[in-house]
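Since we're looking at a predicted model, the values are computed, not measured. Read the numbers this way: they start at 1 and go in the same order the structure lists the ligands and their atoms.
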Amino acid sequence: MSIAERIQQLKKERNAVILAHNYQIPAVQDIADFVGDSLGLSIQASKTDAEVIVFCGVHFMAETAKILSPEKTVLLPEKAAGCLMADMIDADQLRALKAEHPGAKVLCYVNTSAAVKAECDLCCTSANAVRMVREGLREAAEIIFVPDKYLADYVSAQTGRSFIVWPGFCPTHARILPENVREEKVLHPEAVVIAHPECPPELRQLADCVTSTEGMCRYVRESTAREIIVATERGILHRLRKENPGKIFYPASRFALCMNMKLIQQEKILWALEDMGHEIVVPPEVAEKARAGIQRMLDFSE
Ligand code: 13P
Ligand code: SF4
């Protein structure tokens with residue numbers, strides 16, 4: 001029996017569901033029950049009937065699933081799979097920033113630890129950050145937005161609101177340079193450019209569409225463009241190619257790789273299901289404080 005078949009068998013025995021982020025390696029995406037962006041995966045985690053969630057992504061995503069479904073067992077098949085951006089701010093640093101701006105509302109990107117989320121009023125993903133600021137924080141006089149300075153810049157450009165920002169960023173997206181996109185455009189003059197809002201502003205300005213990874217899948221599906229330059233982590237190209245066989249995709253940069261997203265393989269999923277290994281634990285008092293902001297994030301997905 002192949003590893004994939006053993007995973008399917010054990011998944012049934014354990015009443016488990018496999019969720020995978022769009023940046024996971026093809027072999028993981030292909031055996032998952034659901035492949036999506038941070039928001040889509042959180043929605044799936046909150047509504048699944050399964051008793052076990054095998055989360056193929058990075059640590060903050062699995063933590064978010066655990067906070068939304070505390071009664072379920074959430075497994076991260078590779079415990080070292082973290083997010084470099086999420087690691088750029090901790091709860092002490094956020095508390096210090098809040099102390100400097102006592103009247104400010106705090107919006108955190110979902111790419112943060114549970115302890116940081118527990119210090120926030122609202123949580124957002126790249127898919128709903130603009131709406132969250134326009135609608136959820138309309139009344140707020142001052143807003144702290146952590147930890148991604150580039151996402152904050154994007155949301156600011158869309159909403160006209162200014163933020164107290166944290167100097168965090170995603171190293172994977174920061175590695176995609178404007179000249180990379182310009183070179184690809186010269187090579188493929190008919191191609192449109194899609195970019196993730198974690199990209200720096202100079203790169204974003206070259207894009208025809210700036211959106212979350214799920215937004216990219218939707219845009220490509222609905223667009224008449226046949227050639228697309230993709231400015232985000234390269235793992236998404238697998239799904240884009242699979243879903244759009246008639247279209248041609250070019251990664252904006254071959255360096256746009258998130259090594260943490262590549263740490264999970266089919267073997268590790270199988271071992272996690274066998275051993276119930278790398279279970280995510282969030283202290284109940286932290287989960288309690290973080291849940292309201294995450295719930296608001298889901299409310300703003302409809
Ligand atoms: P999405 O929510 O758009 O999938 O982004 C998650 C992420 O980590 C991007 O680097
Ligand atoms: Fe974090 Fe960037 Fe990797 Fe996304 S691509 S998980 S933001 S380090």
Please list, in number order, the atoms of ligand 1 under 4.0 Å from a heavy atom of [X].
X      : value
Ser212 : 3 (O)
Asn111 : 7 (C), 8 (O)
His196 : 1 (P), 3 (O), 5 (O), 9 (C)
Ser126 : 1 (P), 2 (O), 3 (O)

Less than 4.0 Å is my threshold; does some heavy atom of [X] fall inside it relative to ligand 1?
X      : answer
Met261 : no
Cys170 : no
Met85  : no

Does [X] approach ligand 1 within less than 4.0 angstrom via side chain, backbone, both or neither, non-hydrogen atoms only?
X      : value
Asp37  : both
Glu233 : neither
Glu214 : neither

Checklist entry - Would Val230 end up clustered with Leu177 when hydrophobic side chains under 4.5 Å apart are linked, directly or stepwise? => result no

Next on the checklist: Hydrophobic clusters here meaning ILVMFWY residues chained together by side-chain heavy-atom distances under 4.5 Å, can you tell me if Leu94 and Val282 are in one?
Outcome noted: no

Next on the checklist: Are the side chains of Pro178 and Leu206 in contact, using a 4.5 Å heavy-atom criterion?
Outcome noted: yes

Item to check | Side chains of Lys72 and Val52 in contact at under 4.5 Å (non-hydrogen atoms) | outcome: no

Next on the checklist: Quick one about Thr232 and His173 (side-chain donor to acceptor, distance below 3.5 Å, no hydrogens or angles considered), yes or no?
Outcome noted: yes

Next on the checklist: Out of the candidates Tyr150, Tyr154, Tyr109, only one should pair with Glu198 under the side chain to side chain donor-acceptor pair (under 3.5 Å) rule; please name it.
Outcome noted: Tyr109

Atom pair [atom1] ([X]) and [atom2] ([Y]), whose distance is rounded to the nearest 0.5 Å:
X      : Y      : atom1 : atom2 : answer
Cys56  : Leu263 : SG    : CG    : 12.0 Å
Asn260 : His21  : CG    : NE2   : 13.0 Å
Asp37  : Tyr23  : CG    : OH    : 9.5 Å

Checklist entry - Tell me, which protein N/O/S atoms are under 2.8 Å away from atom 3 (Fe) of ligand 2? => result Cys258 SG

Next on the checklist: Could you check whether Arg175 makes a cation-pi contact with Phe255, meaning its NZ or CZ is under 6.0 Å from the centre of the six-membered ring and within 45° of the ring axis?
Outcome noted: yes

Checklist entry - When you check the gap from the basic side-chain N to the acidic O, do Lys98 and Glu119 get nearer than 4.0 Å? => result yes

Item to check | Carboxylate-amine/guanidinium contact Lys79 Glu279, below 4.0 Å | outcome: no

Checklist entry - Quick one: nearest non-hydrogen protein atom to atom 10 (O) of ligand 1, plus distance? => result Glu198 OE1, 2.8 Å

Item to check | Taking atom 6 (C) of ligand 1 as the reference point, the nearest protein heavy atom with its distance | outcome: Ser38 OG, 3.4 Å

